[in-house]
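Just so it is clear: chains get the letters A, B, ... in the order the sequence lines come, proteins before strands, and each one is counted from 1.
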Amino acid sequence: MLVRKIKSLLKNNSLTLDQLKQVHSPIITNGFCQLETLFLRQILLSTSGNSRVIAQHIYGTLFHMQNPDALSWGFAVRFFSANGQFKTAFSLYVHLQRLGLCPSSFAFSSSLKACARIGHKLGGLSVHAQVYKYGVCGSVYVQTALLDLYSKVGDVKSAQKLFDEMPERNVVSWNSMLSGYLSSGDLEMAKRVFDEIPKKDVVSWNCMITGYAKIGNMDEAILLFELMPERNLASWNAVISGYVNSGNVESARRVFDAMPMRNNVSWITMISGYSKCGDVLSARLLFDQMNDKEMLVYNAMIACYERNNQPKEAIELFNQMLKPGVNIQPDEMTLTSVISACSQLGYMDFGLWIESYMKLHGIQMDDHLANAFIDLYAKSGYIDKALELFRGLKNKDLVSYSAMISGCGVNGKAVDAIKLFEEMLNDGICPNLVTYKGLLTAYNHAGLVEEGYKCFNSMKDQGLLPSVDHYGTMVDLLGRAGRLEEAHELIKSMPMQPHAGVWGALLLACRVHNNVDLGEIAARNCFDLQPGKTGYSSLLANIYASVERWDDAGRLRGAVEEKGLTKIPGCSWMESV
DNA sequence: TTAGGGTTAG
């Protein structure tokens, strides 16, 4: 009776997810395996949207089936691929193969799409081999998915070969070929393909606009935008994004205001545009104007606060996101910005809480997120924990090495920092200004003057011009070692205006080594650059006192009191308890 | 098949 009842219910094509959920448990608990295929088809066809609940039911049914069939599995692969769960889609495809079933066209094209999106070239190649094995190479969808895979993993030659051999092409095939040339940076070939497309659709035009926008040729991008017969949201968004990436946020805003319709992408692009040029207020204004904010909008705003030195606001917004009324699940990217904000504030405890949050919600640690954690742990003094994460990275890139080198530097582990630097060069990764800053910090903490100097001078071999901060670290290093004249000469040789921190480092060194003449020069420059700060007067007063020039010392201290200025209290990196 | 959010110093 129950079987018949469920069966008739499942034959209804307009079932809601709730109705489907209700019939799921009797199917499983009673072992009605004959109904599983029907159930699976219904849930895959009559529901949309990437909900964890749907995914759970699909999974549960698939792995419970007594007689798994290729078509159901193919639908499942397509479902996960279409909903952005590419890894799951591909692992289901692999499972389908292991069951000895013949994959459908859906399974082939969807698993190829999944491989293309996650850059899994090897996986894609194995699907390609299967396509030949099962002899389904004739389908234009599968052929196009293959073409797109080769385009996306950067193998334009293979893509072109496939394209040339295709017996039938549709506009998607042409567009895939076009985007292959565009992503490989070959604009000339892309233009040739674009001109040859028999029936260009809106995507063809959008791809070409994006291509010009990415190389900063906004004139050409706009020309195409004006020429195109019909525009969709992606066309407008491509133009906004082009302006944002070329640093022209005003023009981006003009286009944004002129748009007939906007979607989340438009808003997010604008928010990130303001973020890149440091206009946090305008970004927040847009953020507040939005009604239904999805996770990516929060991510853009949190990242904006984080990268513009407002870490407290970033954390505050993150907390708002989790509040019951809002209740938006963060992802790896949200957490990366939040961890970076914690790092700026020295909020180690909050970082630990996030770690447990990740465990609870099954959020995986990816390399970007791990880099942010490495920085937080290292800055908080947990260098071993940072190193452990560093060693576990899938790909160690410029950022990971730089973060780890700086981490060793601030923890006084100069030898480790140097070793990492060598390891990085051996890995073929070019250091940048941030890497050198970390390395110089390491030399500075260890008091290795000659090595530090050598490192500083070697920067130009890499084509890098030291910034004010690199000079500041060198002045500090020389100064602490008592090489005050050299430090002074270095400041005088600077190609840019030294900031108060540079002169401050010299002043501090003069205090340590009781050098009045240079101390006076350094202090005068500090007074000019930061007139309100009294710490410099106190330092100079102490230098006078050290050589028993009590009158001068007293005069300076008196001047400080007269101005009613108080000394700025010291601050710590560590979180206050 | 096209458009959006993340990591290293100061």
Side-chain angles (χ1 to χ4, degrees), chain A residues 113 116 141 144-145 147-148 151-152 170-180 182-183 197 201-211 213-214 231-242 244-245 262-273 275 294-304 306-307 309 314 330-341 343-344 366-376 378-379 390 393 397-407 409-410 431-441 467-470 472-473 499 501-502:
Chain A
K113 181 188 170 187
Y141 297 106
T144 302
L147 165 61
D148 194 52
S151 283
K152 283 220 165 60
N170 59 22
V171 67
V172 181
S173 331
W174 281 95
N175 291 344
S176 288
M177 197 59 248
L178 173 63
S179 68
L182 286 171
S183 52
I197 302 178
D201 70 354
V202 65
V203 177
S204 327
W205 288 88
N206 289 351
C207 282
M208 213 50 221
I209 290 174
T210 308
K214 278 214 173 109
R231 298 170 188 140
N232 64 6
L233 269 166
S235 330
W236 289 88
N237 290 339
V239 173
I240 297 182
S241 169
V244 161
N245 289 327
R262 301 179 191 102
N263 64 358
N264 275 335
V265 178
S266 335
W267 290 85
I268 292 166
T269 313
M270 253 345 279
I271 290 174
S272 79
S275 169
E294 57 161 30
M295 176 188 57
L296 267 66
V297 183
Y298 275 89
N299 285 3
M301 196 61 225
I302 290 172
C304 172
E306 187 277 316
R307 70 181 281 170
N309 302 315
D331 72 351
E332 294 86 352
M333 291 200 192
T334 330
L335 298 181
T336 304
S337 299
V338 175
I339 289 298
S340 183
S343 198
Q344 288 179 37
D366 68 16
D367 281 359
H368 279 311
L369 186 47
N371 287 340
F373 267 112
I374 287 170
D375 180 54
L376 172 68
K379 277 215 188 90
F390 177 77
L393 285 171
D397 64 1
L398 171 69
V399 176
S400 9
Y401 272 110
S402 303
M404 202 58 236
I405 289 169
S406 300
V410 294
N432 68 359
L433 288 175
V434 184
T435 327
Y436 273 103
K437 181 70 191 15
L439 199 58
L440 287 174
T441 306
S467 75
V468 188
D469 294 321
H470 296 84
T473 311
H499 58 45
V502 179

Distance in angstrom units between A:Y401 OH and B:dA9 P, rounded
18 Å
What is the nucleic acid contact for A:S179, judged by heavy atoms within less than 4.0 Å: base, sugar-phosphate only, or nothing?
nothing
Between B:dA3, B:dT8, B:dG4, which nucleotide gets closest to the side-chain atoms of A:N237?
B:dA3
Rounded to whole angstroms, how far apart are CZ on A:R307 and P on B:dG10?
17 Å
Between atom OH in A:Y298 and atom C1' in B:dG4, what is the gap in whole Å?
17 Å
Provide, to the nearest angstrom, the distance between the CG atom belonging to A:L147 and the P atom belonging to B:dT1.
11 Å
Does the side chain of A:K152 get closer than 4.0 angstrom to OP1 or OP2 of B:dT2 through an N or O atom?
yes
When rounded to the nearest 0.5 Å, the distance separating OG of A:S340 from CD1 of A:I302 is 12.0 Å
Tell me which nucleotide among B:dG4, B:dG5, B:dA9 gets nearest to the side chain of A:T269.
B:dG4
Base, sugar-phosphate or nothing for A:D375? Non-hydrogen atoms, less than 4.0 Å.
sugar-phosphate
Counting distance alone, no hydrogens or angles: does the base of B:dG5 have a donor or acceptor under 3.5 Å from a partner atom on the side chain of A:D331?
yes
State the CD-CD distance between A:Q344 and A:E306, to the nearest 0.5 angstrom.
5.0 Å
For the side chain of A:N232, counting heavy atoms from C-beta on, which of B:dG4, B:dT7, B:dT2 is nearest?
B:dT2
Which part of the nucleic acid, if any, lies within reach of A:M295 when heavy atoms closer than 4.0 Å are counted: base, sugar-phosphate only, or nothing?
base
So what does A:N170 touch, heavy atoms closer than 4.0 Å: a base, only the sugar-phosphate, or nothing?
nothing
Does the B:dT8 base have a donor-acceptor partner in the side chain of A:S402 within less than 3.5 Å?
yes
Candidates B:dT1, B:dG4, B:dA3 - which lies nearest the side chain of A:L296:
B:dG4
Can you measure from CG (A:N299) to OG (A:S272) and round to the nearest 0.5 angstrom?
12.0 Å
Look at the side chain of A:V399 and decide which nucleotide, out of B:dG6, B:dA3, B:dT8, has an atom nearest to it.
B:dT8
Distance col, row A:L147:CG vs A:S176:OG, nearest 0.5 angstrom, shows 5.0 Å
From B:dG6, B:dT8, B:dT1, pick the nucleotide closest to the side chain of A:D201?
B:dT1
What's the CE-C1' distance between A:M270 and B:dG5, to the nearest Å?
15 Å
When the distance from CD1 of A:I405 to P of B:dG10 is rounded to whole Å, what number comes out?
14 Å
Between B:dT8 (P) and A:I374 (CD1): distance, integer Å:
11 Å
More 5' along DNA chain B: A:D366 or A:N309, using each one's nearest nucleotide?
A:D366
Would you indicate, yes or no, if B:dA9 has its OP1 or OP2 atom less than 4.0 angstrom from a side-chain nitrogen or oxygen of A:S406?
no
Any idea which of B:dT2, B:dT8, B:dT7 is nearest the A:H368 side chain?
B:dT7
Of A:T269, A:N263, A:N232, which meets side chain to side chain donor-acceptor pair (under 3.5 Å) against A:N237?
A:N263
Classify the nucleic acid contact of A:N264 as base, sugar-phosphate or nothing, counting any heavy atom under 4.0 Å across all strands shown.
base
Of the listed nucleotides (B:dT2, B:dG6, B:dT8), which one gets closest to any side-chain atom of A:L369?
B:dG6
Whole-Å distance, A:R262 CZ to B:dG4 P, equals 18 Å
Given side chain to side chain contact (heavy atoms under 4.5 Å, CB included), test A:D367 with A:D397 step by step and report yes or no.
CA-CA 9 Å; A:D367 281 359; A:D397 64 1; over 6 Å; no
Can you see if the side chain of A:K437 gets near the phosphate of B:dT8 - specifically, an N or O under 4.0 Å from OP1 or OP2?
no
With the side chain of A:K214 defined as its heavy atoms from C-beta on, choose the nearest nucleotide among B:dA3, B:dA9, B:dG6.
B:dA3
Which nucleotide sits closest to the side chain of A:L433: B:dA3, B:dG5, B:dA9?
B:dA9
Just checking A:E332: base, sugar-phosphate only, or nothing, at a heavy-atom cut-off of under 4.0 Å?
base
Pair A:N432, A:T435: side-chain N/O donor-acceptor within cut-off below 3.5 Å
yes
Taking only side-chain N and O atoms of A:S340, does any of them lie within less than 4.0 angstrom of OP1 or OP2 on B:dT8?
yes
